[in-house]
Novice: 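Let me give you the structure first, and then I'll get to my questions.
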Amino acid sequence: MGYTGFSVSLMSLVNSLVQLKSREDIVEGLIRGLITLLGEEECNESSILTTAEVRSRKIAREQRNAVKDNDPVGNRDKYYQVDYYFNFSEGNFIHLGLSATLSEEQQCLIQSSVDIISLFLAGNEKKQPSLEEKKENIYSSGDSNEYVQQLQKEIKRRKKYEQRLEESEKRNRMILEHSMDAILLTSPSGSIFSANKRACQMFGMTEEEIVRAGRKGLVDQDDPRLMELIAIREKEGNVKGQLFFVRKDGTRFEGELTSSVFLNHHGEPRSSMIIRDVTHQKKIESQLLFLGHSVEQSPLSIVITDCPGEIKYVNKAFTKITGFEKEEALGQTMSIVDSGLQCPLFLDELWQSVLEGHEWSGELKNKRKNGELYWEYIKISPVWQASGEITHVVSIREDITEKKKMIDDLVIAKEKAEESDRLKTAFLANVSHEIRTPMNGILGFMELLKMPGLGDEEKDSYIDMVNHSGERLLKTINDLIEISKIESGQIFAECSEVNVRELLDYALRLFSPQAQEKELELRVSEMPEPYRCLIYADRAKIEAALSNLIFNAIKFTNKGEIVFGSYVEAENLIFYVKDTGVGIAPGQMDIVFDRFVQADLNMTKPYQGTGLGLSIIKGYIAHLKGKIWVESEEGKGSVFYFSIPYRPVEAIKTNQSQ
């Protein structure tokens with residue numbers, strides 16, 4: 001008989017019993033009803049008295065008053081045994097021994113029914129009615145009806161309880177069977193009593209196979225965490241952790257385990273095991289950890305913002321590149337690195353395009369925390385959710401400042417290389433001209449000198465031409481040798497006492513004839529004070545530099561004047577040569593000191609020379625730890641300057657003496 005049918009029948013039985021008039025009738029009716037519900041054999045095995053035994057005990061009870069004090073003890077015991085088994089006033093029906101055959105719910109229901117009957121009997125005995133009252137059938141009075149009503153209410157309450165209990169059982173069974181986790185009912189020692197559907201799927205076994213396998217067959221016994229978790233559960237009553245489990249096919253997987261110890265309705269220790277397969281979760285966590293580490297250690301700056309532009313994440317590279325710490329950047333917008341050099345409208349359109357789902361890449365010039373400007377190559381992408389909504393924006397940024405500089409340097413180097421190649425071509429043409437022209441002059445006039453009948457005046461003229469051509473050829477060769485020494489680092493400073501005034505006077509006397517030939521005025525406009533004229537320097541190199549500048553000034557000046565001089569400024573001695581010549585175009589002033597260059601690179605120029613003079617001067621001045629520069633205006637003239645450290649002789653002697 002099912003539990004519901006049993007409870008309904010029992011309630012009907014109780015309802016009918018309370019209508020009886022005596023304790024003995026109620027007891028006899030209850031046992032007879034139980035025999036009908038459970039079967040006589042089962043009741044006998046459960047120590048429930050048979051109807052015959054009840055009758056015999058009823059007779060013994062009726063004879064009790066006739067028993068004297070010396071009657072056999074057994075009769076008294078027999079009566080008291082009946083009273084022991086059916087002590088309704090104390091609700092001890094459980095002494096009938098039904099716990100071995102009935103479920104816990106059935107025991108509770110029978111016990112409750114007995115309690116109700118006990119309540120009725122207690123009220124009946126309490127009234128102790130007289131014979132006349134019995135004849136008037138007091139059990140049909142209001143008191144009797146009140147007891148019946150109480151019993152009916154209790155029966156209804158019990159039915160509701162049974163209904164809720166049944167619904168709860170169904171609900172728990174449904175939860176158990178549809179759980180995404182494996183659930184096992186076990187003993188603390190490792191036996192398994194039941195497993196849900198998910199457990200069978202997880203281990204690839206039937207419930208019977210899982211029960212036979214036990215804990216040892218499901219848990220990897222080599223996992224060192226097993227004994228640790230068992231010890232924690234024994235101490236605290238529950239535990240949560242992770243273990244390796246083994247499927248039927250022998251494959252291992254890692255699971256998250258939750259286990260608790262409790263007592264069942266018999267007081268026996270039981271335990272639960274709830275297992276969740278975390279293999280996929282572990283794989284995702286590993287991938288996320290790898291990706292997170294890669295992003296954090298990336299040399300590229302990575303910034304994540306929300307749609308309004310608030311910074312939600314920056315990696316270490318962002319901090320290194322911009323100078324802003326993570327705490328300073330979070331909650332701000334990318335305006336913290338805005339240099340203000342980009343058009344605000346352009347930036348707004350860029351952001352709007354990204355929020356509409358487009359990617360953007362390009363170069364921007366931004367500003368570090370310290371105000372330094374830097375170039376970034378940026379790729380900005382929207383972050384889509386599964387719903388199709390854009391929630392964040394990620395930008396990957398590369399600091400390309402050095403790369404841009406390298407590119408610019410390469411462009412400049414390329415231009416210089418191309419210019420150098422062009423200049424070398426010009427130089428070879430110039431050198432070829434500078435060597436062949438005087439050589440042709442020498443050879444030609446030497447042939448003329450062989451002609452008979454030449455007068456002394458003609459001979460002297462030819463000899464002068466040969467000498468002039470020879471000097472020109474010698475200068476070209478000397479320049480080539482000197483520039484080679486400078487390039488190979490084989491020039492050395494030979495310092496001695498130099499009188500600046502004498503050096504300027506010597507240059508004036510040396511170049512005055514050449515200036516007069518072109519009707520140019522040549523003069524010294526400025527000299528250091530007499531007490532500053534003695535310096536410690538390399539006279540030959542200073543004289544060569546000054547002479548080359550004066551020579552060039554005369555060569556490139558057709559009218560006007562040439563003025564030169566020297567003065568002391570701070571810790572430098574500065575020389576200058578100023579002319580009113582052709583001047584230098586603005587685009588050529590940066591290259592006039594390069595090798596093989598003349599300001600005018602036209603091959604048809606009327607000026608002789610290899611173009612090495614200024615390069616040689618620059619090499620000399622650099623060797624003396626000075627510098628050379630020019631100021632010029634095309635068509636109006638030029639001013640060439642060079643400086644060397646001012647080292648007065650007196651100071652040198654003082655240092656040497658000390």
Side-chain angles (χ1 to χ4, degrees), residues 423 426-427 429-430 433-434 437-438 441 461 464-465 467-469 471-476 479 500-528 542-567 574-594 596-618 620-621 628-643:
L423 294 177
F427 165 73
N430 286 349
H433 173 75
E434 290 298 318
T437 299
S461 175
D464 288 341
M465 295 297 293
N467 288 335
H468 179 73
S469 297
E471 290 173 357
R472 181 177 172 183
L473 180 60
L474 180 62
K475 184 178 184 310
T476 300
D479 285 349
V500 177
R501 284 179 171 265
E502 289 181 0
L503 190 148
L504 295 174
D505 286 337
Y506 172 76
L508 180 62
R509 292 194 305 271
L510 180 64
F511 289 100
S512 288
Q514 296 181 28
Q516 290 173 3
E517 286 182 7
K518 297 186 67 173
E519 298 180 352
L520 301 172
E521 182 183 356
L522 180 66
R523 60 187 176 86
V524 177
S525 64
E526 188 176 6
M527 291 186 180
I542 296 173
E543 189 176 281
L546 183 61
S547 297
N548 194 292
L549 292 177
I550 296 173
F551 176 80
N552 283 345
I554 293 172
K555 183 166 71 170
F556 292 102
T557 303
N558 296 321
K559 61 179 180 178
E561 65 176 359
I562 296 169
V563 179
F564 63 97
S566 176
Y567 59 91
I574 299 175
F575 293 87
Y576 63 90
V577 176
K578 181 179 181 181
D579 64 59
T580 57
V582 296
I584 304 171
Q588 295 178 326
M589 283 193 289
D590 293 336
I591 63 172
V592 293
F593 297 104
D594 291 344
F596 318 136
V597 176
Q598 285 184 343
D600 183 2
L601 293 174
N602 188 345
M603 295 305 173
T604 62
K605 66 185 185 300
Y607 307 109
Q608 298 176 350
T610 59
L612 293 175
L614 292 178
S615 297
I616 293 172
I617 295 174
K618 182 180 178 181
Y620 286 165
I621 300 304
I628 186 169
W629 68 98
V630 61
E631 296 175 357
S632 182
E633 186 175 353
E634 192 173 11
K636 293 186 178 182
S638 306
V639 183
F640 282 85
Y641 299 88
F642 70 88
S643 66

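Everything numeric here is computed off the predicted structure, so don't read it as measured data.
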Novice: Do side-chain atoms of Thr580 reach the backbone of Lys559 as a donor and acceptor pair under 3.5 angstrom?
Specialist: yes
Novice: Starting at CG of Leu503, measure out to OG of Ser547 and round the result to the nearest 0.5 Å.
Specialist: 7.5 Å
Novice: Got a second to check how far Gln514's CD is from Lys555's NZ, nearest 0.5 Å?
Specialist: 11.0 Å
Novice: Applying side-chain contact (heavy atoms from CB on, under 4.5 Å) to Ile542 and Phe575, what does each step give before you reach the verdict?
Specialist: CA-CA 9 Å; Ile542 296 173; Phe575 293 87; 3.9 Å; yes
Novice: For the atom pair CD1 (Ile562) and OG (Ser512), what is the distance rounded to the nearest 0.5 Å?
Specialist: 10.0 Å
Novice: Let me see the working for Ile554 and Lys518 under side-chain contact (heavy atoms from CB on, under 4.5 Å), right down to the final yes or no.
Specialist: CA-CA 8 Å; Ile554 293 172; Lys518 297 186 67 173; 4.0 Å; yes
Novice: Is any side-chain heavy atom of Ile550 closer than 4.5 Å to a side-chain heavy atom of Leu522?
Specialist: yes
Novice: Evaluate side-chain contact (heavy atoms from CB on, under 4.5 Å) for Glu502 paired with Asp505, printing each intermediate quantity in order.
Specialist: CA-CA 5 Å; Glu502 289 181 0; Asp505 286 337; 5.6 Å; no
Novice: Which atom names give the shortest non-hydrogen contact between Met527 and Leu504, and what distance separates them?
Specialist: CG-CD1, 3.6 Å
Novice: From Phe556 CZ over to Ile584 CD1, what is the distance, rounded to the nearest 0.5 angstrom?
Specialist: 8.5 Å
Novice: Report the distance from atom CD of Glu517 to atom CD of Glu519, rounding to the nearest 0.5 Å.
Specialist: 11.0 Å
Novice: Relative to the ring of Tyr641, is the ring of Tyr576 parallel (under 30°), tilted (30 to 60°) or perpendicular (over 60°)?
Specialist: tilted
Novice: Is any side-chain heavy atom of Val630 closer than 4.5 Å to one of Leu614?
Specialist: no
Novice: Do any N or O atoms from the side chain of Ser566 and from the backbone of Ile574 form a donor-acceptor pair under 3.5 angstrom?
Specialist: yes
Novice: Of all the heavy-atom pairs spanning Leu546 and Ala507, show the shortest one and how long it is.
Specialist: CD2-CB, 4.1 Å
Novice: Please check if the side chain of Ser632 supplies one atom and the backbone of Gly583 the other of a donor-acceptor pair under 3.5 Å.
Specialist: no
Novice: Would you compute the distance between atom CG of Asn548 and atom NZ of Lys618 and round it to the nearest 0.5 angstrom?
Specialist: 14.5 Å
Novice: If you take all heavy atoms of Ile621 and Ser643, which pair is closest and at what distance?
Specialist: CG2-O, 3.6 Å
Novice: Run the numbers on Phe640 and Ile617 for side-chain contact (heavy atoms from CB on, under 4.5 Å), then give the verdict.
Specialist: CA-CA 11 Å; Phe640 282 85; Ile617 295 174; over 6 Å; no
Novice: Given 3.5 Å as the limit, does a donor-acceptor pair link the side chain of Asp579 with the main chain of Ser638, or not?
Specialist: yes
